[in-house]
There are 2 protein chains.
Amino acid sequence: MFELDVRSRKPIYEQLMDNIKELIMTGVLTTDAKLPSVRMLSKELTVNPNTIQKAYRELEREGYLYSANRKGYFVAPVDWIKPDEKLNELKPQFQQLIQEAIYLGLTKEQLVEWFEETTKGGNVDDSR
Amino acid sequence: MFELDVRSRKPIYEQLMDNIKELIMTGVLTTDAKLPSVRMLSKELTVNPNTIQKAYRELEREGYLYSANRKGYFVAPVDWIKPDEKLNELKPQFQQLIQEAIYLGLTKEQLVEWFEETTKGGNVDDSR
DNA sequence: ATATCTGTATTATTTATATTAATACAGATA
DNA sequence: TATCTGTATTAATATAAATAATACAGATAT
């Protein structure tokens, strides 16, 4: 279910966050879906419980998850993320990447193509 | 000339690399332009010389700079970077960002708009 | 030629952070 | 009531970034 690389420069908890975000964004995990408990996932991935918790708590802070009174962690509704704010945070990252890509020869057409590959591949859940 | 934030999570040498890349990509620094010496920049930024050298050497490895026999570091021609390979490395980064942005409501039109803002703002040097 | 600039290299130390480890508490659930 | 859950705390370990202090040798300008 999750792909972690302990040799990567990127911290395990961040890799975990990316993995979970992707499951949410592709619609595999929908609103109110329950995530594996800290301890279970810890055993499954042979990673320390604290590391799992750090990822969960961070995702909660960002609005992707919520935790209910010792019942577990669950997927939060999209609008808890404050999508507009988040998009504005993403913009400079995009523009830095775009600038570098343009320098390397990226055309507008190719960028649009990449956009459409993404929409085609991922099954977005409209009911959310 | 350079903007560094010692409190950032991103290492100083990586911030320096980003800064230099941007100067190259916006055409402020063109092919064969000389960069400040390791020691000078070290003093100017009050950063350890080794940190500067790490940034320079890494940019050399990536093909953005070259160093000539104790004469200094200089901007390399674009094609030393192997643009096609680099673009392929950039693609997955783009798609991850695009996927998240789509989840947050990004439209194709907005992405194209961001692309055009980038081309308009930066003065790309065609003579390269 | 000589002082001074350049990159290059090496070794040690400090600092920050990620990760693991070992526990403990208290509410939720079966 | 036993066992699940999240939450919290403290300590130890590992890794990497950054600083520090030097040294060597080629390039350059005076």
Side-chain angles (χ1 to χ4, degrees), chain A residues 1-21 24 29 31-76 80, chain B residues 1-21 24 29 31-76 80:
Chain A
M1 194 173 187
F2 297 102
E3 290 176 17
L4 301 181
D5 176 12
V6 290
R7 283 160 304 151
S8 166
R9 271 210 344 162
K10 179 172 265 189
I12 296 175
Y13 79 93
E14 282 189 11
Q15 293 181 51
L16 234 183
M17 289 174 64
D18 288 343
N19 271 291
I20 294 170
K21 272 189 187 178
I24 295 176
L29 292 177
T31 302
D32 295 324
K34 189 181 190 312
L35 275 83
S37 82
V38 171
R39 288 174 178 80
M40 271 189 53
L41 194 53
S42 161
K43 277 183 185 167
E44 188 181 327
L45 303 177
T46 57
V47 160
N48 193 277
N50 296 350
T51 307
I52 309 287
Q53 203 193 349
K54 184 166 188 177
Y56 279 0
R57 223 188 313 186
E58 193 59 23
L59 285 173
E60 186 184 18
R61 199 186 60 77
E62 291 188 20
Y64 286 90
L65 302 181
Y66 67 90
S67 75
N69 253 352
R70 287 142 222 260
K71 287 179 190 168
Y73 277 94
F74 303 87
V75 176
W80 285 22
Chain B
M1 195 175 187
F2 298 102
E3 291 176 17
L4 301 182
D5 176 12
V6 290
R7 284 160 303 149
S8 165
R9 272 211 342 164
K10 179 171 264 188
I12 296 175
Y13 80 93
E14 282 188 13
Q15 294 181 50
L16 234 183
M17 289 174 64
D18 288 343
N19 271 291
I20 295 170
K21 273 188 186 178
I24 295 176
L29 292 176
T31 303
D32 294 325
K34 190 181 189 312
L35 275 82
S37 81
V38 171
R39 288 176 180 78
M40 270 188 54
L41 194 52
S42 161
K43 278 183 187 169
E44 187 181 329
L45 302 178
T46 55
V47 161
N48 195 276
N50 295 351
T51 306
I52 309 288
Q53 202 193 350
K54 186 167 187 177
Y56 278 0
R57 224 191 309 187
E58 193 59 23
L59 284 172
E60 185 184 20
R61 201 186 59 76
E62 291 187 20
Y64 287 90
L65 302 180
Y66 67 91
S67 75
N69 251 354
R70 287 143 222 264
K71 286 179 189 167
Y73 277 93
F74 303 87
V75 176
W80 285 21

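The shown structure was predicted, so the numbers you read here are calculated from the model rather than taken from an experiment. Letters A, B, ... are given to chains in the order of the sequence lines, protein chains preceding strands, and every chain is numbered from 1.
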Quiz item: Rounded to the nearest Å, what distance is computed from the CD1 atom of residue A:I52 to the P atom of nucleotide C:dA21?
Solution: 13 Å
Quiz item: Tell me, which stems hold DNA chain D, with a stem being 3 or more Watson-Crick or G-U pairs in a row and both distances under 3.5 Å?
Solution: C:1-30 with D:1-30
Quiz item: Of the nucleotides D:dA20, D:dT7, D:dA18, which has the atom closest to the B:P11 side chain?
Solution: D:dA18
Quiz item: Atom OH of A:Y13 and atom C1' of D:dA14: how far apart are they, to the nearest Å?
Solution: 16 Å
Exercise. Give a yes/no on whether any side-chain N or O of A:S37 is located under 4.0 angstrom from OP1 or OP2 of D:dT5.
Key: yes
Quiz item: For the atom pair CG (A:L29) and CG (A:L35), what is the distance rounded to the nearest 0.5 Å?
Solution: 5.5 Å
Practice problem: Would you kindly give the NZ-to-C1' distance between B:K54 and C:dT8, to the nearest whole Å? | Solution: 16 Å
Quiz prompt | Value in whole Å for how far the C1' atom of C:dG7 lies from CE of B:M40 | solution = 15 Å
Practice problem: Would you tell me if any nitrogen or oxygen in the side chain of A:T51 comes within less than 4.0 Å of OP1 or OP2 on C:dA18? | Solution: no
Quiz item: Roughly how many Å is it from OH in A:Y66 to C1' in D:dT7, rounded to a whole number?
Solution: 18 Å
Self-check item: Nearest to side-chain heavy atoms of B:R57, which nucleotide of C:dA9, D:dG6, C:dT20
Solution: C:dA9
Quiz item: When rounded to the nearest 0.5 angstrom, what is the spacing between NZ in B:K71 and NZ in B:K34?
Solution: 11.0 Å
Quiz prompt | Partner of A:F74 by ring-ring contact (aromatic ring centres under 6.0 Å, His included), out of A:Y64, A:W80, A:Y66 | solution = A:Y66
Quiz item: Under 3.5 Å, is there a donor-acceptor pair between the side chain of B:S42 and the main chain of B:V47?
Solution: yes
Look for any protein N or O under 3.5 Å of an N or O in nucleotides 24-30 of chain D and output each such pair with its distance, or none.
from, atom 1, to, atom 2, distance (Å)
D:dA25, N3, B:R70, NH1, 3.3

Quiz prompt | B:R57/B:E60 ion pair, N-O < 4.0 Å | solution = no
Exercise. Scan B:Y56 against the nucleic acid and name what it touches under 4.0 Å (heavy atoms): base, sugar-phosphate only, or nothing.
Key: nothing
Quiz item: How far apart are the C-alpha atoms of A:N19 and A:L4, what are their side-chain angles, what is the distance that settles it, and do they pass the side-chain contact (heavy atoms from CB on, under 4.5 Å) test?
Solution: CA-CA 9 Å; A:N19 271 291; A:L4 301 181; 3.8 Å; yes
Quiz item: Out of curiosity, A:Y13 OH to A:N50 CG, how far, rounded to the nearest 0.5 Å?
Solution: 13.5 Å
Quiz item: How are the rings of A:Y73 and A:Y56 set to each other: parallel, tilted or perpendicular (split at 30° and 60°)?
Solution: tilted
Quiz item: Atom CG in B:L45, atom CE in B:M40: separation rounded to 0.5 Å?
Solution: 10.0 Å
Self-check item: Minimum heavy-atom distance between A:L65 and A:V75, given as atom pair plus value
Solution: CD2-CA, 3.9 Å
Quiz item: Closest heavy-atom contact between A:D5 and A:Q15?
Solution: N-OE1, 2.8 Å
Quiz prompt | OG1 on B:T51 to CG on B:L41, rounded to 0.5 Å | solution = 10.5 Å
Quiz item: Expressed in angstrom and rounded to an integer, what is the separation of B:L59 atom CG from C:dG7 atom P?
Solution: 14 Å
Quiz item: Whole-Å distance between C:dT17 P and A:R9 CZ?
Solution: 15 Å
Quiz item: For DNA chain C, what residues of residues 41-49 of chain B have any heavy atom nearer than 4.0 Å?
Solution: none
Self-check item: Between C:dC5 (P) and B:K34 (NZ): distance, integer Å
Solution: 12 Å
Exercise. Look at the side chain of B:S67 and decide which nucleotide, out of D:dG6, D:dT9, C:dG7, has an atom nearest to it.
Key: C:dG7
